[in-house]
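In what follows, chains carry the letters A, B, and so on, assigned in the order in which the sequence lines appear, proteins first and then strands, with residues in each chain numbered from 1. Just so you know, these numbers come straight off a predicted model, no measurement behind them. Heavy atoms only: backbone and side chains are in, while hydrogens, waters and symmetry mates are out.
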Amino acid sequence: MSDSLYRTTMRTHACGELTAEHVDAAVVLCGWVASRRDHGGVTFIDLRDREGIVQIVFHPEDAADAHAAAQRLGAEDVVRVTGSVRARPDGMTNLQLRTGEVELAAASLEILSEADTPPFPIEDRIEAGEELRLRYRYLDLRRQEMTEVLRIRHSINAITRDHMESLGFLEVETPMLTRSTPEGARDFLVPSRVWPGTFYALPQSPQQLKQLLMVAGQDRYYQIVRCLRDEAPRADRSFEFTQLDVEMSFADQEDVFAVIEPLYARYVREIRGVEVETPFPRIPYDEMLARFGTDKPDLRYGMELADLAPVFDGTGFNAFGSVLATEDGAIKGLAAPGGGQLSRKELDQLVQDAKGRGAAGLVWMVVEAESVRSPVEKHLSKEEVDGTLRATDASEGDLVCIVADQIGRANVALDGVRRNLADRLGLIPEGEWRYAWYTDPPLFDWSEEEGKWVANHHPFSAPATDDLDPKTAKAKAYDLVLNGFEVGGGSIRIHRPEVQRKVFEVLGLSQPEIEEKFGHLLRAFRYGAPPHGGIAMGMDRIVMLMAGKEAIRDVTAFPKAQSGSDPLTGAPAPADDGQLRELGIQVIPPPAKEQRPPIGRE
RNA sequence: GCGCCCGUAGAGGAGUCCGGUCGUCCUCACCUCCCUGUCAAGGAGGAGAUCGCGGGAUCGAAGCCCGUCGGGCGCGCCA
């Protein structure tokens, strides 16, 4: 029997590591009381630490003092137990526990720390509400399920460092206090005490710095780095997050893919025990949008979108015909296998869902043996119905959904309908991990709101060709998609100052603005910049997917609530007057909400 | 900035649509007692709640109306 990794001056082993090989060993364990089962005479304690749970037996005859002390134990008391490991009697093993073949016969018991009754039980079938779990996160994290998540997160970091190291990447740290950039998300600002009235920005990503590391000749850089964006959080998006940031010199798109693909295959292999094929499929942006209506499709199931415009060319159905007559009007549809079983209520919900995503409406058809059942059936010709079924590859028992609208809205709506139906109809296979790269996105997007062109990816992405016409230019940029989630994205960068300048001009930046905001970058490029490119991977999201969780909160040790508050520490909190004075900051109280008088009945 | 859902003993839930019978119930935890092989132990008994908060209509509110706070999900936003 080898010495335990967990041996300290206070204990010989961790609770969770005792097995049959330790039988007869004299051991000392420390841990938390997970439960007590008192039979009047013999008393059992389940003792928990990070490594697991082991049963302790207290016999009144063998150790009267320890047995008496055990009567007083309550949940979550911290104790130290001395005793010897015994094989459990026949028929009394517990195969649900890793330690279930053995138990510790206690000789003495020492209470190291008494615990108040916890506000919620420490067990895996968690029932407590989110706010309570966050307020008592240190109790929530005692649960084995949470320990498992932290372990997965740690493994992913360890695998990542091992992989990047093996390919010659250096982990270089970049500053947390940096400068605000004009494009992109809202910055978190940190006031400077030394320069009153000026602010650092917390990094949205180390984008410019990693490019400067390439100019600095560092060739291959990576960093597992915290980034911050002051934008509304979602279940799969927090405003504090961790990314694997990568940049490499003398590299093109395929070189970046060749670094990332084996890493992401390895996560799935080592965490989930599933082999995924490399290289991952590459799907051009236009094709992806046409087939799935989104740039992050879930490829674990079919239901691809069909273009129905040819089918309804010259249709007598005015709702469709009028859409086709508009400039970017589209009619697209999909067939859901077995969707014919949905109730009228569920179909109505689908229509509402599509409308909620901005579509004018949704037309459904249930495919029956000789005909289709649909609210608009009488408006459609036989040729149109047959053409639709052919185009969507629908057969009897399927549900066909059609959206006629402006192309963008039709895609958004059908993407939602597709995901919704896959979920409802149980079409999502468990244990499958379908990666894909999306490539060749547009270099620029038109922003209606700002009335100007904005960078689709970011302003440092290289154009795919010499074409810089904002209406047609493509970028050498890419996203990695996994099971309907974007898990990372990057690009080959512009390394020639004159090209970078032209892109800034298309984005509407004036020469003085370019100089003010990006002068340092352009100056660096004048001193010999290698062609380079890279990628940033969202680590929280990949951990979430590997851990089978539905929210990033569930894979973060100390997350914030959706409102941005931290119920554990009470952050954010007001600063005291002295601090504010030192920073030269005066707080303007938020305007009082308009008090509407209560409306009573007449 | 907006929309939707939730808030009832320490935890989770039922009750709210359709006001009076409700501070009524269930599971777990807690306290007391019984019990020498349980493992989500078991048995008997007990305590514990201004129904998130404020206001309103009503003879009467956990329930209806308005506001507000907290949590969640989504839209906008997230180069």
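A salt bridge between A:K452 and A:E450 is present, with a side-chain N of the basic residue lying under 4.0 Å from a carboxylate O of the acidic one. Between A:R553 and A:E130 there is a salt bridge, since a side-chain N of the basic residue sits under 4.0 Å from a carboxylate O of the acidic one.
Rounded to a whole angstrom, the distance from the C1' atom of B:C6 to that of B:G63 is 16 Å. Nucleotides B:C78 and B:A29 are separated by 42 Å at their C1' atoms, to the nearest Å. Taking the P atoms as reference points, B:C30 lies 41 Å from B:U68, given to the whole Å. A gap of 38 Å separates the P atoms of B:G1 and B:A49, to the nearest Å. The separation of B:G54 from B:C69, taken at their C1' atoms, amounts to 10 Å, rounded to a whole angstrom. Nucleotides B:A41 and B:C53, compared at atom C1', are 42 Å apart to the nearest Å. Taking the C1' atoms as reference points, B:G7 lies 11 Å from B:A62, given to the whole Å. With both ends at atom P, the span from B:C2 to B:G10 equals 34 Å, rounded to whole Å.
Mapping A:E231 and A:K560 onto RNA chain B by nearest heavy atom places A:K560 at the nucleotide closer to the 5' end.
The CD-P distance, from A:E131 to B:C53, rounds to 15 Å in whole Å. Nucleotide B:C4 holds its P atom 17 Å from the CZ atom of A:R357, rounded to whole Å. Across the protein-nucleic acid pair, A:Q562 atom CD and B:C4 atom C1' stand 12 Å apart, rounded to whole Å. Straight-line distance from the CZ atom of A:R234 to the P atom of B:G71: 16 Å, rounded to whole Å. Atoms CD (A:E130) and P (B:G7) sit 16 Å apart, rounded to a whole Å. A:D116 has its CG atom 15 Å from the P atom of B:A11, to the nearest Å. Taking atom CG of A:D295 as the reference point, atom C1' of B:C78 lies 13 Å away to the nearest angstrom. Nucleotide B:A11 holds its C1' atom 13 Å from the CG atom of A:D140, rounded to whole Å.
One side chain, A:T242 or A:R226, offers a donor N or O that lies under 3.5 Å from an acceptor on the other. Residues A:R80 and A:T82 have side chains that never bring a donor and an acceptor to within less than 3.5 angstrom of each other. Donor-acceptor pairing under 3.5 Å is lacking for the side chains of A:Q223 and A:D245. A donor atom on one side chain and an acceptor atom on the other are found under 3.5 Å apart for A:R501 and A:Q511. For the residue pair A:H520 / A:R179, no side-chain donor-acceptor distance below 3.5 Å is found, with atom types taken as modelled. No side-chain N or O of A:Q55 forms a donor-acceptor pair with one of A:N94 less than 3.5 Å apart. Residues A:S84 and A:R86 have side chains that never bring a donor and an acceptor to within less than 3.5 angstrom of each other.
Residue A:P119 is classed as a sugar-phosphate contact, given heavy-atom separations below 4.0 Å to backbone atoms only. In this structure, A:S565 reaches the sugar-phosphate backbone alone: every heavy-atom distance under 4.0 Å involves primed, P, OP1 or OP2 atoms, never a base. Counting non-hydrogen atoms under 4.0 angstrom, A:A235 reaches the backbone sugars and phosphates but no base. Note on A:R133: nothing from the nucleic acid sits closer than 4.0 angstrom, heavy atoms only.
With both pairing distances under 3.5 Å, B:A9 is matched to nothing as a Watson-Crick or G-U wobble pair. In a base pair of the Watson-Crick type (N1 to N3 plus N6-O4 or O6-N4) or a G-U wobble (N1-O2 and O6-N3), with each distance short of 3.5 Å, B:G67 is matched with B:C53. Here B:G46 sits opposite B:C30 as a Watson-Crick or G-U wobble pair (both hydrogen-bonding atom distances under 3.5 Å). With both pairing distances under 3.5 Å, B:C77 is matched to nothing as a Watson-Crick or G-U wobble pair. Remark: B:C17 base-pairs with no nucleotide in the shown strands. Criterion, Watson-Crick or G-U wobble with two distances under 3.5 Å. Base pairing annotation: B:U58 forms no Watson-Crick or G-U wobble pair, as no partner gives both donor-acceptor distances under 3.5 Å.
A distance below 6.0 Å separates the ring centres of A:F460 and A:F518.
Separating the CE atom in A:M248 from the CG atom in A:L213 is a distance of 14.5 Å, to the nearest 0.5 Å.
Checked against A:F44 for a ring-ring contact (aromatic ring centres under 6.0 Å, His included), the options A:H67, A:H39, A:H59 give a single hit: A:H39.
A donor N or O paired with an acceptor N or O is found under 3.5 Å between the base of B:C77 and the side-chain atoms of A:R237.
Across residues 498-511 of chain A, not one residue has a non-hydrogen atom less than 4.0 Å from an atom of RNA chain B.
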Quiz prompt | Per-nucleotide protein contact string for nucleotides 27-40 of chain B (B base, S sugar-phosphate only, - none; heavy atom under 4.0 Å) | solution = --SS----BBBBBB
